[in-house]
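Working notes, beginning with the structure itself.
Worth saying up front: this structure is predicted, and the values here are computed from it rather than measured. Naming: A, B, ... by sequence-line order, numbering from 1 per chain.
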Amino acid sequence: MTDTDDLFIREDPIFVNKELLEINHLPDEGRIVGRDEEIGQLANAVNPAIFGQSPSNVLIYGKTGTGKSLCAKYVSGRLIRTAEEEGVTTAYAYVDCAQDSTETQAVQTIASSLNDAAATGINIPDKGISTATYYKRLWTILDTRYDVVLVILDEIDKLDGDDILMQLSRAGEAGKLTSCKIGVIGISNKIKYKDRMDERVKSSLCEREFVFPPYDAQQLGDIMQARSDAFHEGVLDDSVVPRAAALAAREHGDARKAIDILRYAGEIAQSTGADVVREEFVVQARQRAETDRFRELIRGSTPHSRYVLQALTVLSLNEHDDEAFRTTRIYELYEQVCRQEGSESLSLRRVRDLLKEHAFLDVIEQSRYSGGSAEGSYTEHRLLEDPTVVQSVLADTID
DNA sequence: CCTCCACAGGAATGTTGGGCAT
DNA sequence: ATGCCCAACATTCCTGTGGAGG
C-alpha cells in the first residue's frame, strides 16, 4: 500500500458533509426554517408525556415536503431527551404507511422498532403470525419497557383501514395496557382524509389538528442555505440556490424536492468532474429528482403490477393524442406483455385491482364514464408521469 | 321510465408460503 | 419433521351502475 495511489480520489471535491442533504436527516434546532410556531404547538400537545401522562393525539395536514414528518420526528426526539431528564422512559415509533399499508404490517413495524429482543426476550418476526399476536406482543413490549410512547403514522391516508388507529387509541381503556401511555401523531397530505374516518376514531385522534402551509421561494432558499454546509466552501455557484428555490416553489413548495435537487446538482458536478456546481446543473437535477421519486414508488411493486403499468405506458407512448385508456384495452396489452415476459397473465378482475392500487399511489388517475345508449359504463386510466420517464424507469427495474 | 350494454367492484373461495407449537 | 394458523394474493361468480335512445 503506497500513499501515492492516485487511482482513487482521496477527498471529495464537492461535498464535505453530504448527510445534510439526505432526506431523513434531522437538522439541529435553528435549522428548521419557518416552522417555529408549528413546533411549539406540537410540543405543547405532547408535553404531558414528560410527566408520564397521556399526550394529546395529533393530526397534521400539509402537502408533501412541508416539513410535517420532520417536525414530528424532531419534537418527538426532543421530548424523549427531556422526559429522560425527568426520569420518564419514552420512545417514538415511525411508520411510513405508504410502505406498510396494511394493519398487520404497520403493527409489525411499530412492534419491531420499539422492541429490544435482548431486554424483553420477545421476538417480532417479519411475517407469519396473526395481527392479534403482533398486538399482544406490542402491548407487552410497551408495558415492560416504556412509560409513554409516541407513534408517528406518516401518510396515514394510505392506510387501508381505521383498525390500527382504533386499537392504539383505545388500548389503555380496553385494559390492554396497564401502565404505558400512547400518543398518536397522524400525518396526512389530504385534508379530506378526516371525512372518511370512523366517528369514534375521529373524536379520539383529532384532539389537535395542524395545517402546514407550503413553503414559499424565500423559505425554500433559506432551507437550502441552511444546508449548504454540505458543500465545500465556494463550490456552490451563487445562482444555484435561488434557481433551485424558484423551481421547487413552482412545484407546490416541496422542500424535500428542493433538497433533492441540490444534492443531485452536486452529484452531477461530481460525475462531470466540475469543481463548481453551476446553475445549469440545477435543471438536469430536477429531471433526475423526478425519476428517482418514481423509481422508489415502483421498486416495491410486484412484477405483474409493473406489467400493467408497462401496458399503459406503451399505449400512452403510441397514441399521443388521447392519453386515457379503457381497462379492457390495457388488459389486452397487458396479456401481450405477459407473453413476452413468459409469464401467465392474471385475471381481468385482478388487473382492475392492480390499476386501482396505482391510482391510490398517484401513479395513474382513473375516471369513470358512461357511453350512454347501450354503450355501457367504463373507467379510463391516465398516467400522471411522463410516459418516457416511466418507460425508462420500468426498463431498468428488472432485478 | 325502462332498457341495454360494458364494464365496475363486492363476496366467497382457493392458493402460497412463512412462523409456531409439539 | 409435521400439522396448524394466518396474511397476502389470486380467481370465480355475481350483482350494481350510468345515461342515450326507445
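With hydrogens and angles disregarded, no donor-acceptor distance shorter than 3.5 Å links the side chain of A:Lys257 to the backbone of A:Thr64. With hydrogens and angles disregarded, a donor-acceptor distance shorter than 3.5 Å links the side chain of A:Asp143 to the backbone of A:Thr178. Under the 3.5 Å distance criterion, the side-chain polar atoms of A:Arg137 are matched with a main-chain donor or acceptor of A:Asn123.
Protein atom CD of A:Glu103 is 13 Å distant from nucleotide atom C1' of C:dC6, rounded to whole Å. Spacing between atom CD of A:Gln366 and atom P of B:dC7 amounts to 15 Å, rounded to whole angstrom units. Atom C1' of nucleotide C:dT11 and atom OH of A:Tyr331 are separated by 11 Å, given to the nearest angstrom. The nearest whole Å value for the distance from the CD1 atom in A:Ile122 to the P atom in B:dG19 is 18 Å. Taking atom CD of residue A:Glu357 and atom C1' of nucleotide B:dG9, one finds them 14 Å apart after rounding to whole Å. As rounded to whole Å, 9 Å separates atom C1' of C:dA7 from atom OH of A:Tyr134.
With a 4.5 Å cut-off on side-chain heavy atoms, A:Val363 and A:Phe294 count as touching. No side-chain heavy atom of A:Asp292 sits under 4.5 Å from any side-chain heavy atom of A:Asp260.
Listed candidates were B:dA6, C:dA8, B:dG19. Nearest to the side chain of A:Ile129 is B:dG19.
Near DNA chain C, defined here as any heavy-atom distance below 4.0 Å, the residues from residues 346-353 of chain A are A:Leu346, A:Ser347, A:Arg349, A:Arg350, listed numerically. Contacts with DNA chain C (heavy atom under 4.0 Å) in residues 371-381 of chain A: A:Gly372, A:Ser373, A:Ala374, A:Gly376, A:Ser377, listed by number.
The ring of A:Phe210 has its center no closer than 6.0 angstrom to the ring center of A:Tyr61.
Annotation: of the two residues near DNA chain B, A:Arg368 and A:Arg137, the 5′-most nearest-nucleotide partner is A:Arg368.
Using a 4.0 Å heavy-atom distance criterion, A:Thr131 is classed as a sugar-phosphate-only contact. Backbone-only engagement by A:Thr328 is indicated by non-hydrogen atom pairs under 4.0 Å involving sugar-phosphate atoms exclusively.
With hydrogens and angles left out, the side-chain atoms of A:Thr327 and A:Thr379 include no donor and acceptor closer than 3.5 Å. Side-chain N/O atoms of A:Tyr215 and A:Asp222 include no donor and acceptor closer than 3.5 Å.
For C:dA7, neither phosphate oxygen OP1 nor OP2 lies less than 4.0 angstrom from any side-chain nitrogen or oxygen of A:Ser130.
Around the NZ atom of A:Lys73, the shell of radius 6.0 Å holds more than 12 heavy atoms that belong to other residues, nucleotides or ligands.
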